[in-house]
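Predicted, not measured: the structure shown is a model, and the values here were computed from it. The first residue in the sequence is number 1, and the count goes up from there. Note that ligands are numbered from 1 as they come in the structure, with each ligand's atoms numbered from 1 the same way.
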Amino acid sequence: MEFTEVIKNRSSVRSFRLDPVPDEVLSRILEAARAAPSANNFQPWKFILVREEEKKRQIAELCMGQSFVGEAPVVIVACGLPTPSRVGGYTSSTLVDVAIAVEHLVLAAENEGLGTCWIGAFDNRRLKRLLRIPEEVQVVAVIPVGYPLKEKRWKTPRKKMEEIISFEQYEE
Ligand SMILES: Cc1cc2nc3c(=O)[nH]c(=O)nc-3n(C[C@H](O)[C@H](O)[C@H](O)COP(=O)(O)O)c2cc1C
């Protein structure tokens with residue numbers, strides 16, 4: 001698919017077909033995540049692929065009961081590792097780094113005809129316990145991945161361009 005088409009077509013998918021995602025397709029989208037840039041090239045990420053039904057159900061429960069998460073054939077849990085890199089001198093680069101890698105994955109999934117949805121509403125502490133994630137590692141995002149059930153997708157609105165850019169200095 002054309003890159004601009006991928007960007008334009010992507011939207012969050014919250015209902016999935018039962019069809020499994022072939023391993024070669026999964027590995028292509030994970031390659032896209034692996035290729036992402038990161039501060040100092042530390043690549044402070046780890047992706048947990050969950051396909052077991054019961055485990056997916058438990059994850060969905062820990063995502064504030066968003067049951068569609070567990071209905072996707074694969075749930076990818078993106079984790080952030082601690083890193084000494086700072087952004088702007090005020091915060092760790094981990095969230096930024098992992099977010100970039102996840103968005104690479106999301107766009108690569110779109111390119112493969114797959115649907116995804118970023119999930120930020122989850123119980124980090126309990127998810128970590130369920131998936132045996134070490135103390136110092138945090139969950140950054142949960143991404144259900146699967147073929148979309150519906151052809152047509154709802155397009156969410158965006159702010160106008162003039163609302164989000166300014167020239168030479170910050171403007172309200
Ligand atoms: C950090 C983050 C957290 C999100 N958390 C959730 C979530 O918990 N549940 C959900 O259904 N969608 C979630 N979303 C999806 C957003 O609602 C969605 O991206 C936004 O409304 C724009 O719609 P679109 O993705 O279809 O373009 C999240 C998105 C981001 C980037």
Original post:
Can you list the steps and then say if Phe68 with Ile119 is a side chain to side chain contact (heavy atoms under 4.5 Å, CB included)?
Top reply: CA-CA 11 Å; Phe68 71 88; Ile119 301 294; 3.6 Å; yes
**OP:** Please lay out, stage by stage, how Asn124 and Gln138 fare under the test side chain to side chain donor-acceptor pair (under 3.5 Å).
**Re:** CA-CA 7 Å; Asn124 182 44; Gln138 309 300 340; 2.8 Å; yes
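- Under the 4.0 Å criterion applied to side-chain N and carboxylate O atoms, Arg34 and Glu31 are assigned as salt-bridge partners.
- With respect to the salt-bridge test (charged N to carboxylate O, under 4.0 angstrom), the residues Glu53 and Arg57 do not qualify.
- Atom CZ of Arg86 sits in a crowded spot, with more than 12 heavy atoms from other residues, nucleotides or ligands closer than 6.0 Å.
- Near ligand 1, residues Arg10, Ser11, Ser12, Arg14, Gln66, Phe68, Cys117, Trp118, Ile119, Gly120, Ala121, Thr156, Arg158 each place a heavy atom inside the 4.0 Å sphere around the ligand atoms.
- Side-chain contact between Val87 and Ser85 is absent, with no heavy atoms from C-beta onward closer than 4.5 Å.
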